[in-house]
Amino acid sequence: MRARGFTLIEVLVALAIVTIGMAAVLEALTSSANVTLFLRRKTFAEWVALNHLERVRLSGQYPRNGTSTGKVKFAKRTWRWRQKVTDTPVPGVQRIEVMARPKSQSRGWTASVTGYLGRAIAAPNPLAPQWIQGTIAPMAPGVPTAPGVPGTAGAPGAAGAPGAPAQPPPGATQSLP
């Protein structure tokens with residue numbers, strides 16, 4: 001009788017298949033970890049750039065055209081940023097591009113954001129409603145108010161609202177049948 005079992009060749013083939021499978025799994029895990037680190041660095045760089053752009057906007061001063069650079073600490077790291085300010089075709093409006101990267105990175109920028117800063121180019125709309133204690137009071141007479149707000153002309157059941165009885169405007173004559 002012959003003994004039954006695996007031959008040396010069968011064992012070596014099985015080990016080769018397992019080794020190739022484990023290498024593929026390790027490659028996938030390594031790739032996933034690298035992508036996670038890249039996205040984390042890119043997200044932080046974008047936050048650094050957005051924070052700098054908001055600092056410029058909140059400063060209340062209009063930056064001069066040109067390029068400037070600087071460093072900032074964020075998320076326990078030092079980051080470099082570069083700001084480029086240019087005029088736009090609209091008078092009084094500037095385009096601000098901010099790029100950021102980790103200090104350890106010597107070339108290229110990890111993230112870039114663009115914002116616009118300008119002075120008011122038109123007077124505010126005088127017909128805009130003012131919110132007063134949950135109701136709307138128009139700033140100018142005869143201005144319709146927002147629908148659905150209790151106590152206003154646009155509210156359900158109010159005069160002129162959908163489903164409400166038709167009411168003539170104040171001062172209008174009404175003929176009776």
Side-chain angles (χ1 to χ4, degrees), residues 1-122 124-125 128-131 133-134 136 146-150 154-156 162:
M1 289 210 162
R2 293 179 67 184
R4 296 235 175 224
F6 295 108
T7 66
L8 182 60
I9 302 265
E10 291 171 331
V11 170
L12 290 175
V13 168
L15 282 174
I17 292 171
V18 169
T19 302
I20 291 171
M22 291 301 290
V25 168
L26 286 174
E27 177 64 31
L29 288 174
T30 302
S31 176
S32 177
N34 288 338
V35 167
T36 301
L37 291 173
F38 169 77
L39 290 176
R40 181 175 188 238
R41 184 174 54 244
K42 187 161 182 66
T43 300
F44 284 159
E46 188 167 349
W47 287 346
V48 166
L50 286 169
N51 285 345
H52 180 75
L53 184 61
E54 287 308 312
R55 263 190 237 107
V56 171
R57 286 180 174 165
L58 292 173
S59 73
Q61 300 174 5
Y62 291 89
R64 293 163 62 182
N65 285 354
T67 302
S68 58
T69 60
K71 291 188 284 187
V72 67
K73 286 263 193 198
F74 183 77
K76 299 181 182 179
R77 292 180 80 174
T78 302
W79 300 83
R80 293 186 185 277
W81 55 262
R82 183 172 76 187
Q83 166 186 302
K84 183 178 178 187
V85 180
T86 55
D87 285 329
T88 64
V90 179
V93 176
Q94 293 176 309
R95 179 179 188 264
I96 304 170
E97 182 180 11
V98 180
M99 295 169 280
R101 69 176 177 220
K103 183 181 175 187
S104 59
Q105 184 178 328
S106 59
R107 283 193 243 158
W109 296 96
T110 306
S112 175
V113 297
T114 301
Y116 294 87
L117 182 64
R119 297 164 181 85
I121 56 175
N125 182 359
Q130 292 179 343
W131 290 90
Q133 299 176 355
I136 298 178
V149 177

Next item on the list: For residues P102 and W79, report the shortest heavy-atom separation together with the two atoms involved.
Entry: N-CE3, 3.4 Å
Checklist line | N51 backbone acceptor or donor facing E54 side chain under 3.5 Å | finding: no
Note to self: On a heavy-atom basis, which atom in V85 and which in R64 lie closest, and how many Å separate them?
What the structure shows: CB-O, 3.5 Å
Checklist line | Contact summary for E97 and T114, nearest pair of heavy atoms | finding: CG-OG1, 4.0 Å
Item checked: P63 versus Q83, closest heavy-atom pair with distance -> CB-NE2, 4.0 Å
Note to self: Checking T88 against Q94: is there a side-chain donor and acceptor pair closer than 3.5 Å?
What the structure shows: no
Next item on the list: Please name the pair of heavy atoms, one in F44 and one in A75, separated by the smallest distance, quoted to 0.1 Å.
Entry: CE1-CB, 3.9 Å
Margin query: Donor-acceptor pair, distance only, cut-off 3.5 Å: does the side chain of T19 make one with the backbone of L15?
Written below: yes
Check: Does R80 offer a backbone N or O that forms a donor-acceptor pair with the side chain of K71 under 3.5 Å?
Finding: no
Notebook entry, point to check: Is any side-chain heavy atom of R95 closer than 4.5 Å to a side-chain heavy atom of D87?
Noted result: no
Next item on the list: Check for a donor-acceptor pair, side chain of E46 on one end and backbone N or O of A49 on the other, with a separation under 3.5 Å.
Entry: no
Note to self: With a 6.0 Å cut-off (strictly less than), is the heavy-atom count around CZ of R57, excluding the residue itself, greater than 12?
What the structure shows: yes
Item checked: Non-hydrogen side-chain atoms of V98 and S112 separated by less than 4.5 Å -> no
Item checked: Minimum heavy-atom distance between L53 and V113, given as atom pair plus value -> CD2-CG2, 4.3 Å
Note to self: Would the distance check show the side chain of T43 and the main-chain N or O of L39 forming a donor-acceptor pair, the cut-off being under 3.5 Å?
What the structure shows: yes
Check: If you count the non-hydrogen atoms of other residues, nucleotides and ligands that lie under 6.0 Å from CD1 in I9, is the total more than 12?
Finding: no
